[in-house]
**Student:** 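Structure in structure tokens, see below.
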Amino acid sequence: MDDNAKHLRLSLSVFAGKDFGDTTYQGLGLIAGDVFSSKVRDLIMRAMGSDSAQKAVKACQELGISRDLFKTLKAAPLERYP
């Protein structure tokens, strides 16, 4: 597993001018309430591969990620960088 999440760090750097650090998945998981980094990674990869939020939620539910956890993880980057 790529715990560095270089694609996320690059996006934040380019588009938001923010440094998310070296442990992106773990950081988001801690903000979301101690969620395993593998769940964070799975959600992000499904969301990036979906063409709507509804399809992303459905794809994540197939992996055992609830709608509530999806919303919590979706809000985590905004909590770290308001």
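Computed from a predicted structure; not experimentally measured.
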**Student:** Hey, what do you get for CG (D42) to OG (S37), rounding to the nearest 0.5 Å?
**Tutor:** 9.5 Å

**Student:** Using side-chain contact (heavy atoms from CB on, under 4.5 Å), reason through I31 and L73 one step at a time and then give a plain yes or no.
**Tutor:** CA-CA 8 Å; I31 291 170; L73 287 171; over 6 Å; no

**Student:** Could you see if F36 belongs to whatever hydrophobic cluster contains M45? Use Ile, Leu, Val, Met, Phe, Trp, Tyr and a side-chain cutoff under 4.5 Å.
**Tutor:** no

**Student:** Side-chain donor-acceptor contacts of residues 62-72 below 3.5 Å, not counting sequence neighbours, with atom names and distances?
**Tutor:**
{"from": "S66", "atom 1": "OG", "to": "L69", "atom 2": "N", "distance (Å)": "3.0"}
{"from": "T72", "atom 1": "OG1", "to": "D68", "atom 2": "O", "distance (Å)": "2.9"}

**Student:** About how many Å separate SG of C60 and NZ of K74, when rounded to the nearest 0.5 Å?
**Tutor:** 11.5 Å

**Student:** With sequence neighbours left out, write down each residue that passes salt bridge (Lys or Arg N to Asp or Glu O under 4.0 Å) with D51, or none if nothing qualifies.
**Tutor:** K55

